[in-house]
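Numbering of ligands and ligand atoms starts at 1, following listing order. All values derive from a computational prediction rather than experimental measurement.
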Amino acid sequence: MPEQTPIGPVDSSRVPRFAGFATFARLPRLDQVERADVAVVGVPFDAGVSYRPGARFGPSALREASRLLRPYHPELDVSPFAETQVVDAGDIALNPFNIGEAIETLQDEAEALTAGGTRLVTVGGDHTIALPLLRAAAKKHGPVALLHFDAHLDTWDTYFGEPYTHGTPFRRASEEGLLDTEALSHVGTRGPLYGKRDLEEDRRLGFGIVTSGDVMRRGVAETVDALRQRIGGRPLYISVDIDVLDPAHAPGTGTPEAGGMTSRELLEILRGLRDCNLIGADVVELAPAYDHAEITAIAASHVAYDLVSLLSLGKGA
Ligand SMILES: N=C(N)NCCCC(=O)O
Ligand SMILES: [Zn+2]
Ligand SMILES: [Zn+2]
């Protein structure tokens, strides 16, 4: 089949950015193209949160904030929407009253979306959704390397006796053998824990930790070097909890912690991963009700744009 020129975003020099429906970056919908290399898909689900709810409104807030994105990424020197067919695949509808069912539905839908080789940037939704996304990814690629940007470990065991919550996805993923235990890193971790045991158990699962303070002390370049060494050429999944950013950079989230990274640091670290074998990614925990002037939604939309750009660079993966 001859390669077709990708259908790009609505031309902002002809139709003002503030007009029309908000798909991600004003890209076409999945049903408007023959096939997609990369799809941005929303998962409006927040039944797994332990504190402030509202991440169910994350996907629509991120789409609104993404109206201003432009087609060329200068730091990565890529025009992701011209070099690959990127689409907005809409939202995956999950049962908000049954987490078990929601997780199964999301896994099925993610498998269906990726069956033809489409790679996903999933927009949450709370962090619970990373588990079914990792299940789908591991089914396709085997155990994956994981780069987890978050203030929190999210390797806790249960909350109120429940195993599927936004604080537990990576413990479950580890137990299920979805992760390559040689290549697991949390980045941006900070804030009070329940006890020292949290760290011990996390280490036992194989995670390395680059704290928010480490990023500040070592700087971006050294941080990127260490992460790249750990990841190598393994299939890599990146999960970005927007609360990895300081509340000054991301007030619109459910479990904010002081002392976080800047959006500049996060974006620069992501750009340092351009040679990695990225197979999928998510951006979660954007809760717009606590946002101001779209600060968090704008940051999250830029993170999503960088993830799409990285996937576009790794065309053949
Ligand atoms: N995944 C996020 N954002 N937060 C997890 C925090 C779990 C807790 O309340 O201890
Ligand atoms: Zn978090
Ligand atoms: Zn999280």
Practice task
Kindly report the OD2-the Zn ion (ligand 3)-ND1 angle for D150 and H127 respectively, rounded to 10°.
Solution key: 90°

Problem - Main-chain N/O of E182 paired with D180 side-chain donor or acceptor, under 3.5 Å - result: yes

Problem - H127 and its side chain to side chain donor-acceptor pair (under 3.5 Å) partner, picked from D46, D154, D243 - result: D154

Practice task
Output yes when R190 and D214 qualify as a salt bridge under the 4.0 Å nitrogen-oxygen rule, no when they do not.
Solution key: no

Problem - Cationic N near anionic O, under 4.0 Å, R29 to D88 - result: no

Completion exercise
Rounded to 10°, the OD2/D241 to the Zn ion (ligand 3) to OD2/D154 angle comes out at 170°

What does the N/O contact table under 3.5 Å look like for ligand 1?
| unit_1 | atom_1 | unit_2 | atom_2 | d |
| --- | --- | --- | --- | --- |
| ligand 1 | 1 (N) | D154 | OD1 | 3.1 |
| ligand 1 | 1 (N) | D154 | OD2 | 2.9 |
| ligand 1 | 1 (N) | H166 | O | 3.0 |
| ligand 1 | 1 (N) | D241 | OD2 | 3.4 |
| ligand 1 | 3 (N) | D241 | OD2 | 2.8 |
| ligand 1 | 3 (N) | D243 | OD2 | 2.9 |
| ligand 1 | 3 (N) | T255 | OG1 | 3.1 |
| ligand 1 | 4 (N) | H152 | ND1 | 3.4 |
| ligand 1 | 4 (N) | T255 | OG1 | 3.2 |
| ligand 1 | 9 (O) | S50 | OG | 2.5 |
| ligand 1 | 10 (O) | Y159 | OH | 2.7 |
| ligand 1 | 10 (O) | Y194 | OH | 2.4 |

Practice task
Decide, yes or no, whether a salt bridge links E201 with R204 under the criterion of side-chain N to carboxylate O below 4.0 Å.
Solution key: no

Practice task
Report yes or no: does D246 contribute a side-chain atom to a donor-acceptor pair with the main-chain N or O of G260 at less than 3.5 Å?
Solution key: yes

Completion exercise
For the Zn ion (ligand 2), the nearest N/O/S atom on H152 is atom ND1

Practice task
Determine, for E175 against R172, whether the closest basic-nitrogen to carboxylate-oxygen distance falls under 4.0 angstrom.
Solution key: yes

Problem - For the Zn ion (ligand 2): the N/O/S atom of D243 at shortest distance - result: OD2

Problem - Reported NE2-to-CG distance for the pair H302 and L266, which is rounded to 0.5 angstrom - result: 12.0 Å

